[in-house]
2 protein chains.
Amino acid sequence: MAEHLNINTSTVSRALSEKSSEMISPDVVKRVRKAAQEMGYKQNAAAYALKMGSTKTIGMIIPDLMNPVFPPIIRGIQSVLDQYGYTAFLAYSENNEGTAHTEVERLISRGVDGIIYAAAFRTDSVVDLCKSQGIPLVLVNRVVDQGDVDTVKVDDSLGIKMAVDHLLDLGHRKIGFIAGPKNISVSYIRLRAFTRTMAEHDLEVEPHRIVEAHALSEAAGEQAMSVFLGQNPDATAIIASNDLIALGCFTALKQFGYTCPKRMSIVGFNNMPYLDWFATPLTTVSIPHFQMGERSAELLLKRIKADNVDYNEEVLLKPKLVIRKSTAPLIASKKKSGST
Amino acid sequence: MAEHLNINTSTVSRALSEKSSEMISPDVVKRVRKAAQEMGYKQNAAAYALKMGSTKTIGMIIPDLMNPVFPPIIRGIQSVLDQYGYTAFLAYSENNEGTAHTEVERLISRGVDGIIYAAAFRTDSVVDLCKSQGIPLVLVNRVVDQGDVDTVKVDDSLGIKMAVDHLLDLGHRKIGFIAGPKNISVSYIRLRAFTRTMAEHDLEVEPHRIVEAHALSEAAGEQAMSVFLGQNPDATAIIASNDLIALGCFTALKQFGYTCPKRMSIVGFNNMPYLDWFATPLTTVSIPHFQMGERSAELLLKRIKADNVDYNEEVLLKPKLVIRKSTAPLIASKKKSGST
DNA sequence: ATGAAAGCGCTAACAT
DNA sequence: ATGTTAGCGCTTTCAT
C-alpha cells in the first residue's frame, strides 16, 4: 500500500497491526494509520489467509432457512462473531446428511476456521470429517451418538417434562406423541423423555399412542396426526416433537372435525415466531434460540483459539413452557369416560 | 499437492482445471484427478483468490434476518450461486444506512466479487462506494434515486393498485394508508401509488387519511395506526405499507375495540409466511421473493462476468393479490353513513 | 505436452 | 526502530 510514504511494506504491516505496532515509533504508526484511512486501504483477506492459514471465517450449516427457528440462532452466532472480526458462511443440509457432508467439504475448501453444525443426525459422518481435517466443530441443538463433540443444546427432556406436567395438571391422561424421525437426536430424546415422564407418573404409554412423522415438517405432522387420530379416538391431548409438526396436527384435527383445545389439547416445541397471532395460539416449549447461537459461537471461537481439542464441552440451556390457547383443562368432553 | 506423482505443480493445476486440461495428455489428466480424489485434495481458496483476484464470493446485505420476507430471497440467491460455485456472505444493515456502509466495506475487504443489497435507502452512499471501488452491485426490492444501478424489484405500484381496486370493489371509499418511512423507496412508491390509484377513481385522499410509521415494523405500525384511528373515526379500510405494519394495525384496532374485517378491512404487503394460520388471515399483496433472489443473483453474476458496467438493467417482477379474511364488503357497519 | 519460475499481498523471521 | 527477504498455494507466462 502506502509506499509513497517511502517506507517499507513490513513497517506498514506492523504499524497497522495491533500487536506489533509497539515495535514501531509512535510517530510512524500515526502517519501510516492516517494514510491508510485516507486512501481507504483495506487488508487483502486472501493474502492474509494465505500467509496466516486463517481466514477468520467460519461455516454454519442449518437444515433450512425457511424453518423459523434458525434465523435467531444465526443472528446469535453472528452477533458474537462480529465482535471478533469473524464472518460466517451459511450452508444448508436440506435435512440430508449427504448434502451436509458435501457442504462441509465446500466450506473446508473455502478455508473456514471452524464449523457450527445445526443439523446433525444421530450418527453423522460430518463429525468424523471435521475431526480428520482438524477443523473445530460445534453442534447446536442436535447431538450425535459418537460423543466427544462440543455441543450447545437445550434440555429437551426438561422441556418435554414441562409439557407433560402441564397436560397432566390439566387433567389429561390419554396423551399422544407425534415424534420426529428417529435418526434425528431431538426427536429421539424428546420421545424418550415423553415415555419416561409419563412412567414417572405411573402412566404407561401404549404403542399406538405414539406415531412417528417422517420429517420435522408441517406436512409430515399432518400425515402422522391423521394416523394417530385414526387409532386413538379416545385421546385428549397431543405433544408434537416441534411446532411445525404441531401445525400439521391442527390441520389433521380439522379434517376429523375436532376442535382444539376443546376436543384435543396440543403442545408444540420451539416457540416459533408469530404464534400469538394464530387462530389457536399454540402452547409450546420455548427455547433460547438467540442465546444458543451466541454460546455456540463463543465455544467455537474458544476452540479455534486454543487448538485444544482434548476436552469437549457441553453447554446445556434451559427451556421454558409458554402456555397459550391450544391447551385446556380436561372436563366437558371427557365427563363420560373420565379416567381420574 | 500430489507431487509424489513426480510431476510439476503446474501440470497438476492444468489437469484439474476444466479449461486447460485439454493441453494435457488425457492419461495424465486422469491420473491426476484420480489422485486428487483419493487424497481428498481441495483447492486452497485463499491462494486461488490471491492469484486470480476473484474470491468466487459475493456479499448480501439485508435489513434483518428476522423479517420473514428475507429468508426466501436469500435462498433464491443461493440457489443460483451454488450452480456457479459462488458462496455468499450475509450481513445486516439493521435498517441503518451507516451500518450498511460499514458492512459493505467489510465485505469488500473480504474480497467479494459483487454485492446484492436488499436494504437501500432512496439516497444511499453504498451505491457510490461500490461504484468507486468497481464492485458490481445489484439492488433487490429497493430502488435508489441515483439511477444507473442494476435492480430487481417488484411492481409495487401495481401491487398497491390491486389492493386499492380490491377495496373499492368491496365498496370501501374511506380508505386510509399507513406508510413506511419515506426515505425507503418502497414506502415512498407504495404511498404514491395509493394516492394516484385513488385519484384515478376520482377519489381524493385527504392528508389525515395517511399516517407515516417510523419503521416497517409491527411496533411502528401499531403506533401509526393508533394515530390514524384517532383522526379517522369514519374510515372503513386501511392499506399497510407491509405486513408487519399491518400486524401492528391489528393490535391498534383491538385497543380501539374495533373488529376486522367487520369494522375495518386491512390489506398488507409481502405475504409473509404462516398468514393463513392467523386469527384473522391477512389479505395481502404477494411478491415472488424466491424468484427475486434468483434474478438478482443471475444479474449480479452476469455483471461480474461481463465487467460491462456501462448499461444497467432493471428486472421488474409482478405481484399478486392474495385475498384472505381481513377484507370484507362494506355493508352492515356503514349503512348509516353510506357514501356511494 | 510438460517443466521452471514469477508473482498475487501479506507477515515474520532475520538482518541491520 | 525499520529494511530485506522468503514463502504461504496457486495460475500462468515463457521455455523447452
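Letters A, B, ... are given to chains in the order of the sequence lines, protein chains preceding strands, and every chain is numbered from 1.
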Return whichever of B:Glu22 or B:Met52 has its heavy-atom-nearest nucleotide of DNA chain C closer to the 5' end. B:Glu22
Nearest nucleotide by nearest heavy atom, which residue falls closer to the 5' end of DNA chain D, B:Ser20 or B:Leu50? B:Leu50
Any [X] side-chain nitrogen or oxygen under 4.0 Å from OP1 or OP2 of [N]:
X       : N      : value
B:Ser13 : D:dT11 : yes
A:Tyr48 : C:dC8  : no
B:Asn8  : C:dA4  : yes
B:Asn44 : D:dC8  : no

Using atom [atom1] of [X] as one end and atom [atom2] of [N] as the other, report the distance to the nearest whole Å.
X       : N      : atom1 : atom2 : result
B:Arg14 : C:dA4  : CZ    : P     : 11 Å
A:Gln43 : D:dC8  : CD    : P     : 19 Å
B:Asp27 : C:dT2  : CG    : C1'   : 13 Å
A:Lys51 : D:dG7  : NZ    : P     : 9 Å
A:Tyr41 : C:dC10 : OH    : C1'   : 7 Å
A:Ile7  : D:dA1  : CD1   : P     : 15 Å
B:Lys42 : D:dC10 : NZ    : C1'   : 17 Å
B:Ile24 : D:dT11 : CD1   : P     : 12 Å

When you check the gap from the basic side-chain N to the acidic O, do B:Arg75 and A:Glu94 get nearer than 4.0 Å? yes
So, B:Glu38 and B:Lys34, do they make that salt bridge, N to O below 4.0 Å? yes
Would you kindly check if the NZ (Lys) or CZ (Arg) of A:Arg106 is within the cone defined by 45 degrees around the ring axis of A:Phe89 and under 6.0 Å from the six-membered ring centre? no
Indicate, with a heavy-atom threshold strictly under 4.0 Å, whether B:Ser25 touches base, sugar-phosphate, or nothing. sugar-phosphate
Using a heavy-atom cut-off of 4.0 Å across all strands, would you classify B:Met23 as base, sugar-phosphate, or nothing? base
Per the side chain to side chain contact (heavy atoms under 4.5 Å, CB included) rule, which among B:Val126, B:Thr151, B:Thr123, B:Val127 passes with B:Val144? B:Val127
Quick check for you: to the nearest 0.5 Å, what is the distance between B:Leu300 atom CG and B:Ile116 atom CD1? 5.0 Å
With distance as the sole criterion, do the side chain of B:Ser17 and the base of D:dT11 form a donor-acceptor contact below 3.5 Å? no
Quick one: does B:Ser10 reach the base of C:dA4 with a side-chain donor-acceptor pair under 3.5 Å? yes
